[in-house]
Amino acid sequence: ITPTETRNKVVENYRQHMIHSTLVDFVSLLTQKRFQDTDFTVVKEHVSFLRDITYEQLMVAVKQHKDSSPASSYKEPDLKNVIPYLYKGNVASGHANDTPRTADVRSRKDLKLDRFKSVRVIREPKITRGTVFDFKIRYDDQESRVQEERLVFIKILHSAYHHLTHSGELYDRGNLINNIFDSLAIAEDAAEAGEPLSDWDAMDVFFDSHRKRMENFLVKAIAGVINFDRDFYLVHFRVRQILAFVHAHGMARKIFKEEFNQAGQDCLTEAEKIVLDESAMEVQLAEGALEELLEEDVAMVKSLLLCHIVLNKSADYFKKLADEGLMSGKEASEFLEHIEDEISHILKTKEVDHSAELSDTTKVARLSQVSMDPELMQGLLSEDHGPNAL
């Protein structure tokens, strides 16, 4: 059956609504520290329906995000790497209107060489660390209480990872999610034996085992394949693993503190503080592993992760329309197939290309001309989020 003109308009209206809804999700993601250096050129390349958004559409999404957020928990989105691509204005004399970051872009050969040196850290044998603190000195008289709280925290971590899976940030199958839950099982066994939280150690060991199998497989699988960068493949997996670990711990810490703070009071027991300290130490180890990798690669994977999350949210929108009978299965499948193709392209990305990124000078020039909500502008031009942070 050939769709009528009226039906085509209805479907197009759904598409436009999806773009707006996903743009609000995009703005919300930019409130998170891990996405503060998102490269909008990567977003435009991998998320086609955000490729042609306007400055006005972005500002509508920013306002909706602000209006829908409780004042007590509202966080400003970091737009310093987005607005310059949408708001061009009248750039001051002496600044090119579209100056790319060519001066700062290293050659592909140099980048691959630096990546190879960086990845050597990943390939080094993992040595299980011993804790630097004697926790028993602090809780001999309440060891069972600490052990109980630690096991509760691990259960919350399980829930946090499941949430990341349902939100599309993690696949519900594959090596990454398997590594995560296997490491939690080991950490839970250790916690039941009275040991401190150690899920990062366990994840490191599982990653090392997976890396060896993966590299052996890739050597055979990519024989004769041109331009496949095995090093970036490893970096992509490793960074996604670390980002999921850090984010899940952040979610778990927040829930743990909210659940265990005494009603109406901002206080925790000594046992609860010990567990949170252990979590903070695990996160510190994970972030240290991230810092050992090439900065450009980490930034690229973070941008790709944001694209992946945004695409999954857009897919959920069309699935919901189909489930509610507002869109036929055939209509929804056309959008879903396109989204799936873009996600597949993200997972296969192997290059770090900053040639289309604007120079810092151009970004600052454009940001300085933006006229918007004074409160939002104050956030954009603050010490941590404004042009001086570029």
Side-chain angles (χ1 to χ4, degrees), residues 1-32 35 38-69 77 82 85-86 160-174 176-177 236 240 243-244 247 301-349:
I1 300 175
T2 303
T4 64
E5 182 178 350
T6 300
R7 184 58 190 172
N8 286 336
K9 288 182 178 179
V10 170
V11 172
E12 174 59 20
N13 185 56
Y14 284 142
R15 191 183 77 86
Q16 292 298 328
H17 188 274
M18 177 276 295
I19 291 175
H20 172 70
S21 176
T22 306
L23 188 55
V24 174
D25 289 330
F26 172 66
V27 169
S28 178
L29 287 168
L30 291 178
T31 65
Q32 299 180 21
F35 295 129
T38 293
D39 182 350
F40 192 60
T41 61
V42 175
V43 177
K44 290 199 298 181
E45 178 182 352
H46 294 282
V47 186
S48 59
F49 53 79
L50 293 184
R51 196 168 292 157
D52 298 318
I53 62 169
T54 65
Y55 172 76
E56 290 72 24
Q57 287 176 304
L58 176 66
M59 289 300 101
V60 170
V62 168
K63 184 177 187 304
Q64 181 171 331
H65 164 70
K66 183 176 182 180
D67 292 345
S68 62
S69 301
V82 180
Y85 294 92
L86 304 178
Y161 283 122
H162 280 298
H163 173 80
L164 294 182
T165 301
H166 295 152
S167 67
E169 185 164 336
L170 289 171
Y171 274 130
D172 59 1
R173 59 188 181 278
L176 180 55
I177 196 67
H236 194 163
R240 290 285 292 263
L243 293 177
H247 194 49
V301 176
K302 286 181 177 181
S303 297
L304 292 173
L305 173 59
L306 182 143
C307 292
H308 197 164
I309 296 172
V310 166
L311 286 169
N312 274 311
K313 288 181 179 295
S314 65
D316 287 342
Y317 173 84
F318 289 115
K319 289 176 183 176
K320 183 178 180 181
L321 288 179
D323 290 342
E324 295 177 350
L326 298 174
M327 181 177 277
S328 70
K330 183 177 183 299
E331 290 168 337
S333 66
E334 292 177 359
F335 289 105
L336 293 173
E337 287 174 8
H338 177 71
I339 292 170
E340 188 61 36
D341 286 342
E342 295 200 322
I343 290 176
S344 177
H345 189 252
I346 286 173
L347 298 176
K348 294 176 181 177
T349 296

**OP:** Report yes or no: does Thr31 contribute a side-chain atom to a donor-acceptor pair with the main-chain N or O of Val27 at less than 3.5 Å?
**Re:** no
Original post:
Does the pair Arg15/Glu12 count as a salt bridge with the N-to-O cut at 4.0 Å?
Top reply: yes
**OP:** For Ser303 and Asp39, indicate whether the former's side chain and the latter's backbone hold a donor-acceptor pair under 3.5 Å.
**Re:** yes
Original post:
side-chain contact (heavy atoms from CB on, under 4.5 Å) between Ile343 and His308: does it pass, once the steps are laid out?
Top reply: CA-CA 6 Å; Ile343 290 176; His308 197 164; 3.6 Å; yes
Original post:
So, His338 versus Ser48: side-chain donor-acceptor pair below 3.5 Å or not?
Top reply: yes
**OP:** Dump the intermediate steps for side-chain contact (heavy atoms from CB on, under 4.5 Å) on Thr22 and Phe49, then the final yes or no.
**Re:** CA-CA 9 Å; Thr22 306; Phe49 53 79; 3.6 Å; yes
Original post:
Which atom names give the shortest non-hydrogen contact between Cys307 and His46, and what distance separates them?
Top reply: SG-CB, 4.1 Å
Original post:
Among pairs that include at least one residue of residues 336-347, which meet salt bridge (charged side-chain N to carboxylate O under 4.0 Å, His left out), considering only residues two or more places apart or in two chains?
Top reply: none
Original post:
Phe35 and Leu30: which non-hydrogen atoms are nearest, and at how many Å?
Top reply: O-CD2, 3.7 Å
Original post:
Judged by atom type as modelled, is there a donor-acceptor pair below 3.5 Å linking the side chain of Ser68 to the main-chain atoms of His65?
Top reply: yes
**OP:** Write down the atom of Leu347, the atom of Arg240, and the distance for their closest heavy-atom approach.
**Re:** CD2-NH1, 4.3 Å
Subject >> Gap separating the CG atom of Asn312 from the CD atom of Glu169, nearest 0.5 angstrom >> reply: 9.5 Å
Original post:
Is the number of heavy atoms from other residues, nucleotides or ligands within 6.0 Å of NE2 (His345) greater than 12?
Top reply: no
**OP:** May I ask you to decide if Lys9's main-chain N or O and Asn13's side chain share a donor-acceptor pair within less than 3.5 Å?
**Re:** no
Original post:
With a 4.5 Å heavy-atom cut-off, do Val60 and Lys63 have their side chains touching?
Top reply: no
Original post:
Going through the checks in order, is the side-chain contact (heavy atoms from CB on, under 4.5 Å) test met by Gln32 and Leu29?
Top reply: CA-CA 6 Å; Gln32 299 180 21; Leu29 287 168; 3.8 Å; yes
Original post:
Which of parallel (below 30°), tilted (30 to 60°) and perpendicular (above 60°) describes Phe335 and Phe318?
Top reply: parallel
**OP:** Taking all non-hydrogen atoms of both residues into account, name the closest pair between Ser314 and Met18 and its distance.
**Re:** CB-SD, 3.6 Å
Original post:
Please walk me through it: do Val82 and Thr38 pass side-chain contact (heavy atoms from CB on, under 4.5 Å)?
Top reply: CA-CA 8 Å; Val82 180; Thr38 293; 5.9 Å; no
Original post:
Out of Ile309, Leu311, Val310, which one pairs with Lys313 under the side-chain contact (heavy atoms from CB on, under 4.5 Å) rule?
Top reply: Ile309
Subject >> Side chains of Phe26 and Val47 in contact at under 4.5 Å (non-hydrogen atoms) >> reply: no
Subject >> CD1-OG1 distance between Ile177 and Thr165, expressed to the nearest 0.5 angstrom >> reply: 3.5 Å
Original post:
Rounded to the nearest 0.5 Å, how far apart are OH of Tyr14 and CG of Leu321?
Top reply: 6.0 Å
